[in-house]
Structures are given as C-alpha cells and as structure tokens.
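First the structure, in the form of structure tokens, and then the observations on it.
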Amino acid sequence: MAIASLVKGKSEFILDNVSITNVTIVEPSVMIDSIRAKGKDFTISHFFGENGWQKIPINKKDMAYLIDVLLDWNILLSFDDVGGFYRVNQRCIGSL
C-alpha cells in the first residue's frame with residue numbers, strides 16, 4: 001500500500017496495489033498556469049475555438065491538468081475518439 005496526496009487539498013488516502021497500477025497523478029503545469037493566470041476567457045479561447053473544439057494539440061500530462069483547471073470553473077469537456085480532440089461541452093459554451 002502507498003499514500004497519495006491529493007492535488008486539490010492536503011488530504012491523504014491509502015491506495016491498494018490494484019489502484020496503484022491504475023492511478024494517474026495530475027501535476028501542475030507551468031505552461032497551463034501561465035495561461036490560466038490571464039483568466040478564464042483567455043484560457044478557453046487559447047485552447048478552444050468558438051465552436052468549442054480544441055485548437056492546438058496538448059500532451060497528455062498538460063491536458064490532464066487543463067481538464068482539472070477547467071473543472072474548477074465548472075467547464076466540462078467531451079473527447080472525440082475518432083479525431084482525438086477535446087471539445088467544450090455544448091451546455092458550457094453558452095455560459096462562457
């Protein structure tokens with residue numbers, strides 16, 4: 001067993017061996033944080049077009065953190081398996 005510290009808080013929890021092999025740790029990204037510092041609207045327009053589709057490719061590690069950042073703003077994403085891109089959930093586009 002191992003102890004993992006949650007990114008969003010100081011809580012700790014115990015992972016069993018199965019969980020350890022399947023867990024992905026979301027780590028802060030300097031690139032995402034520098035864009036995030038300019039605000040929600042700037043962040044969304046930087047990564048997503050007016051139609052909500054992802055404009056630029058992002059590595060998996062940074063994308064995981066971006067998803068976390070967007071969730072802080074209650075913005076949900078959908079993933080297109082065929083195209084391999086993310087899209088801002090339609091219900092969120094009108095509220096931006």
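The minimum heavy-atom distance linking T43 with R36 is given by the pair OG1-CA, 3.3 Å. Here the shortest heavy-atom pairing between L77 and V88 reads CD2-CA, 3.7 Å.
Hydrophobic clustering, with ILVMFWY side chains joined whenever heavy atoms are under 4.5 angstrom apart, groups I56 together with V69.
With sequence neighbours excluded, the residues forming a side-chain hydrogen bond (donor to acceptor under 3.5 Å, both in side chains) with N59 are D62, listed by chain and number. Contacts of D33 classified as side-chain hydrogen bond (donor to acceptor under 3.5 Å, both in side chains), with partners at least two apart in sequence or in another chain: Y65. When the side-chain contact (heavy atoms from CB on, under 4.5 Å) test is applied to V18, the partners found at least two apart in sequence or on another chain are D16, N22. When the salt bridge (charged side-chain N to carboxylate O under 4.0 Å, His left out) test is applied to K61, the partners found at least two apart in sequence or on another chain are E27.
Cluster note: W53 groups with F85 through ILVMFWY side-chain heavy atoms spaced under 4.5 Å, whether in direct contact or through intervening members.
F47 places a side-chain heavy atom less than 4.5 Å from the side chain of I35.
The only member of L66, I67, D72, N74 that meets side chain to side chain contact (heavy atoms under 4.5 Å, CB included) when paired with L70 is L66.
The distance from atom CD of Q54 to atom CE of M63, rounded to the nearest 0.5 Å, is 5.0 Å.
Side chain of R87 to main chain of N51: a donor-acceptor pair is present (N/O by atom type, distance under 3.5 Å, no hydrogens or angles).
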